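So the structure is just underneath, and the comments pick up after that.
All figures in this text were calculated on a predicted structure; none of them were measured in a lab.
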Amino acid sequence: MANFYNDNSDLQFHLTHPLMNRIIELRERGFADKNKFDYAPSNLDDAIDSYQKVMELCGEICADVIAPNAEANDIEGHSIENDHLKYNSHTLENYEALRKASVWGITLPRKYNGLNFSNVPYIMVGEMISRADGGFANFWGLQDCAETINEFASEELKQEFLPLAAQGKSLAMVLTEPDAGSDLQSVQLKARYDADKNQWFLNGVKRFITNGDADIQLVLARSEEGTGDGRGLSLFIYEKDKHCQIVRRVENKLGIHGSPTCELVYKDAPARLLGDRKMGLIKYVMSLMYCARLGVGGQSVGIAEAAYREAIKYANEREQFKSPIIKFPAVYQLLGNMNAKLKGMRSLLYETARFVDMSKLLQEIQNNKERTLTSDERADLKYYKKMADAFTPLLKLFSSEWCNQIAYDALQIHGGSGYMKDFPIERITRDARITTIYEGTSQLQVVAAIKGVTTGIFSQRMAELDSMMANNENLQQQRNLLLQMTNDYENAIKTVESFKCQEYIDFQARNLVEMAGNIIVSYLLFTDSIRNDKFLNNANIFLNLAIAENAMKFKYINNGNPNDLDWYK
């Protein structure tokens, strides 16, 4: 039987990263659940075995159910019936397969019927689902809503809603509006409190809402009259069975047809306040978006994996001039570059996921006052939070952009056939396009990631990765090249900052962030090769690409000055 976990040794490699042992032990809190739940692990080996078995189970579902449904899911899309969303039969079959496997709520605590897994396997399942069907993957990713409830809601709300999420009840984050896309501070949907009924009511319109008619919806609304910024917004839980919200339309999109995108109207819809008033955007949605961007990183890697596999398959089967086209240098060069970027984006994905895991786990222990963190743990919390905050936008930027590049090149390898709906690459290419747009465009990710440049966080990680290569005699030539790239990067930062013009830093931000990312991904691939030398060829290919790209950016920065800002005038 096909299996999207067993046929990808890279996933198994990243699931067994040395830091995973510590992540699991922190997640299990000394395996305290072993006497409370019959499915809880009793030790580290038991937990690792559980992770592996669940990945295999999900890999089987992806290969045998979700992937075969992908084409029909794309063609049929979803519809409206009696003012509500009607899923097509293929989405329902996918959803039910995962429900029967009891993997919804994979990261939720066992007391809410979850599996209590860490973030890494959750993202890994998302990658596999995305490889099977990039559109359906959004259903899986919306479990971030349950994580937000778990992190910020009262125990009463947790007890009510988290077991439902673990059962597979659908979820949605209802944020954007016709006049509030990336600028969520402009949200105007009204939340009115009725003191006599001790009840909040929602009124207004939301647009571009993924899975908008979900059973459980997290709705960002303006709770404070007379406000016009983020300080007047709160987050609410609305339940579909209250029947006070309708679906006005399902958007007709370029891609991800398997993911319904809705315009919603709320009319005196009763809702529950999640957490504190006025913290909806400032705290809760920022945390939710942070997780969602990591999820899109996984989605991007999964879609890129699907594109690369379709390209390899076609290049081996298609003959021209009496030879398979994979033997032509123009084709195998493309494939080599695609594979190197795919390996690199996956390494960046799980590096970031581990940072997020460590940060969240230590923060949970501290916030819940379970025990006093040791001095080393307090230092680790500070370190991993810093790295998670810097790497999340870097991941979102690189993975989504490279996903589109890999899909583009895969279609190119197919030639005219790839432009037809006869081959999966046509759908895959359309699905890839959204990844650079939703959950924060690439331009917004640069705005967030430039802090990792100017504060030296990326430089710190480069130095740490360099120390891992320092004692490996076989990698000294590559290490010297990386050190030269790092030196050029540091000089580029000094050049840009020397003008003491914030607008010019913003102007050059993407070049600086991409220089940093190219160096970090190169280091990650070489440090991966120390654990498994199968990554060495990809690391060398990627390094050559990174050297050429960074040299171009370095020259552009050195020849620039704030007068460049006048180009559009």
Side-chain angles (χ1 to χ4, degrees), residues 2-13 59 62-64 66-68 70-71 74 127-135 255 299-347 349 398-433 435 521 525 528-529 532-546 548-549:
N3 191 301
F4 282 7
Y5 178 72
N6 289 339
D7 73 0
N8 190 341
S9 61
D10 290 0
L11 296 180
Q12 299 161 45
F13 173 83
C62 288
D64 292 345
I66 300 175
E71 182 178 357
D74 176 72
E127 181 193 329
M128 291 189 288
I129 293 175
S130 301
R131 172 185 161 190
D133 182 348
Q299 183 182 39
S300 299
V301 174
I303 293 172
E305 177 75 29
Y308 175 70
R309 286 176 181 259
E310 289 298 326
I312 284 284
K313 179 182 177 184
Y314 187 84
N316 276 293
E317 294 174 351
R318 175 64 168 166
E319 290 194 1
Q320 291 283 272
F321 310 105
K322 300 181 180 180
S323 179
I325 64 172
I326 198 168
K327 294 186 177 181
F328 301 157
V331 174
Y332 66 66
Q333 180 195 42
L334 265 183
L335 289 167
N337 293 348
M338 290 161 65
N339 194 29
K341 287 184 176 179
L342 177 58
K343 294 284 194 295
M345 61 199 283
R346 182 175 285 119
S347 290
L349 170 65
F398 271 74
S399 63
S400 61
E401 292 289 343
W402 288 352
C403 172
N404 276 272
Q405 290 175 19
I406 290 169
Y408 179 98
D409 288 342
L411 193 152
Q412 188 71 18
I413 287 171
H414 282 72
S417 297
Y419 203 69
M420 307 300 150
K421 289 187 178 291
D422 299 339
F423 288 84
I425 193 59
E426 182 270 341
R427 166 180 52 82
I428 292 167
T429 302
R430 286 187 289 104
D431 287 350
R433 190 62 189 88
T435 60
V521 171
L525 286 171
D528 285 346
S529 76
N532 190 323
D533 61 10
K534 74 169 188 172
F535 290 98
L536 184 56
N537 185 53
N538 296 118
N540 284 322
I541 292 172
F542 185 84
L543 178 60
N544 284 334
L545 295 173
E549 186 172 327

- For Gln405, look at atom CD and say whether over 12 heavy atoms of other residues, nucleotides or ligands are found less than 6.0 Å away.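 Yes, enclosed.
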- Considering residues, nucleotides and ligands other than Phe328, do more than 12 of their heavy atoms fall under 6.0 Å from its CZ?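 Yes, the 6.0 Å shell around CZ holds more than 12 heavy atoms from other groups.
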- Side chain Gln299, main chain Gly134, donor-acceptor under 3.5 Å: yes
- Got a sec, which pairs hit side-chain hydrogen bond (donor to acceptor under 3.5 Å, both in side chains) with one end in residues 320-340, sequence neighbours left out?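 Residue pairs passing side-chain hydrogen bond (donor to acceptor under 3.5 Å, both in side chains), neighbours aside: Asn339-Lys343.
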Only counting residues at least two apart or in another chain, list the ones meeting side chain to side chain contact (heavy atoms under 4.5 Å, CB included) with [X].
| X | answer |
| --- | --- |
| Ala432 | Ile303, Cys403, Asn404, Ala407 |
| Asn540 | Gln478, Phe526, Leu536 |
| Gln412 | none |
| Ala70 | Asp133, Arg427 |

[Y] and [X], any side-chain heavy atoms less than 4.5 Å apart:
| X | Y | result |
| --- | --- | --- |
| Met345 | Val521 | no |
| Tyr308 | Leu335 | yes |
| Ser9 | Lys534 | yes |
| Asn8 | Arg346 | yes |

- salt bridge (Lys or Arg N to Asp or Glu O under 4.0 Å) contacts touching residues 406-425 (sequence neighbours left out): Lys421-Glu426
Residues in ring-ring contact (aromatic ring centres under 6.0 Å, His included) with [X], at least two apart?
| X | result |
| --- | --- |
| Phe535 | Phe13 |
| Tyr5 | none |
| Phe4 | none |

Qualifying residues under salt bridge (charged side-chain N to carboxylate O under 4.0 Å, His left out), relative to [X], sequence neighbours excluded:
| X | answer |
| --- | --- |
| Lys313 | none |
| Asp7 | Arg131, Arg309 |
| Asp528 | none |

- Task: Please work out which of the three classes, parallel, tilted or perpendicular, describes the rings of His414 and Phe423, given edges at 30° and 60°.
- Result: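 Taking His414 first and then Phe423, their aromatic rings stand perpendicular (interplane angle over 60°).
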- Item | Shortest non-hydrogen contact from Ser300 toward Ser400 |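 Smallest heavy-atom distance, with atoms named: OG-CA, 3.5 Å.
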